[in-house]
**Student:** 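Quick one: this structure, given as structure tokens, is what I'll be asking you about.
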Amino acid sequence: MAYDQNNIFAMILRGDIPCEKIYEDEYALSFNDINAQAPVHALVIPKGEYVSMADFTLSAPEEMLSGFFRAVGETARQLGLEEDGYRLIVNTGSNAHQEVPHLHFHILSGKRLGPMLCR
Ligand code: AMP
């Protein structure tokens, strides 16, 4: 799948539309989800044109892969989630209902989330 330069997260990365930033470094940007599904709902996106987890792990350079994963951990740390825990969700492709075609990790927390759902 070709990368769509006009997807909403590409626009956020370009600064065309605003976000509630949590953390940023040279590899990643994290911000609050606009439609929170839990008291804490953050998104972490890589700074590059990666549609999905499959695309990212195939085509991103090693430095980007490690830098991005560190940024996910750092975002959770900055949100103070280490002690009580959090859930990561990465929707990939149509079966997982991925809506935005730019790789993103959801970080969910702020309450007991219960068992993982596959409804
Ligand atoms: P997914 O279904 O995994 O592709 O998730 C896309 C997520 O992006 C949803 O949770 C949306 O609420 C979120 N989202 C869409 N537009 C924005 C935006 N402008 N700022 C923050 N989050 C957004």
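Each ligand, and each atom within it, is numbered from 1 in the order the structure gives. Since the structure is predicted, the reported quantities are computational estimates derived from the model, not experimental observations.
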**Student:** Using the benzene-type ring in the case of Trp, are the ring centres of Phe68 and Tyr50 under 6.0 Å apart?
**Tutor:** no

**Student:** What atoms of ligand 1 come closer than 4.0 angstrom to any heavy atom of Glu99?
**Tutor:** 1 (P), 2 (O), 4 (O)

**Student:** For ligand 1 and Val100, I'd like to know whether there is a polar contact (N/O to N/O, distance under 3.5 Å).
**Tutor:** yes

**Student:** Between Phe9 and ligand 1, find which residue part has any heavy-atom pair under 4.0 Å and reply side chain, backbone, both or neither.
**Tutor:** side chain

**Student:** Under 4.0 Å from a heavy atom of His106: which atoms of ligand 1 are those, numbered in the order shown and with their elements?
**Tutor:** 1 (P), 3 (O), 5 (O), 7 (C), 10 (O)

**Student:** How far is atom 5 (O) of ligand 1 from its nearest protein heavy atom, and which residue and atom name does that atom have?
**Tutor:** His104 NE2, 3.2 Å

**Student:** Any idea which atoms of ligand 1 are less than 4.0 Å away from a heavy-atom of Asn35?
**Tutor:** 12 (O)

**Student:** Below a 4.0 angstrom heavy-atom separation, can you tell me which part of Asn91, side chain or backbone, both or neither, approaches ligand 1?
**Tutor:** side chain

**Student:** Judged on heavy-atom distance to atom 17 (C) of ligand 1, which of Ile34, Ile12, Asn32 sits nearest?
**Tutor:** Ile34

**Student:** Please determine, by modelled atom types, if Asn32 and Glu20 share a side-chain donor-acceptor pair under 3.5 angstrom.
**Tutor:** yes

**Student:** Between Arg87 and Gly114 (side chain of the first, backbone of the second, donor and acceptor by atom type, cut-off under 3.5 Å), is there such a pair?
**Tutor:** yes

**Student:** Can an N or O of His41 be found at a distance shorter than 3.5 Å from an N or O of ligand 1?
**Tutor:** no

**Student:** Please find out if less than 6.0 Å separates the ring center of Phe105 from that of Phe69.
**Tutor:** yes

**Student:** Among the heavy atoms of Gln37, does any lie under 4.0 Å from an atom of ligand 1?
**Tutor:** no

**Student:** Report yes or no: does Gln98 contribute a side-chain atom to a donor-acceptor pair with the main-chain N or O of Val100 at less than 3.5 Å?
**Tutor:** yes

**Student:** If you take the centroid of each ring, where Trp contributes its six-membered ring, are Phe9 and Phe31 closer together than 6.0 Å?
**Tutor:** yes

**Student:** Enumerate the atoms of ligand 1 whose separation from the nearest heavy atom of Gln98 is less than 4.0 angstrom.
**Tutor:** 4 (O)

**Student:** Could you name the option among Thr92, Leu108, Asp33 that has the heavy atom nearest to atom 13 (C) of ligand 1?
**Tutor:** Asp33

**Student:** Do side-chain atoms of His102 reach the backbone of Gln5 as a donor and acceptor pair under 3.5 angstrom?
**Tutor:** no

**Student:** Met11: heavy atom below 4.0 Å from ligand 1, yes or no?
**Tutor:** no

**Student:** Should the proximity of Ile89 to ligand 1, defined as any heavy atom under 4.0 Å, be assigned to the side chain, the backbone, both, or neither?
**Tutor:** neither

**Student:** Measure the shortest side-chain to side-chain distance between Val44 and His104 over non-hydrogen atoms and say whether it is less than 4.5 angstrom.
**Tutor:** no

**Student:** Quick check: is Leu103 connected to Leu13 through a chain of hydrophobic side chains (ILVMFWY, heavy atoms under 4.5 Å apart)?
**Tutor:** no

**Student:** Which atoms of ligand 1 are found less than 4.0 Å from any heavy atom of His97?
**Tutor:** 2 (O)

**Student:** Please check: side-chain N/O of Lys47 versus main-chain N/O of Met64, any donor-acceptor pairing under 3.5 Å?
**Tutor:** no

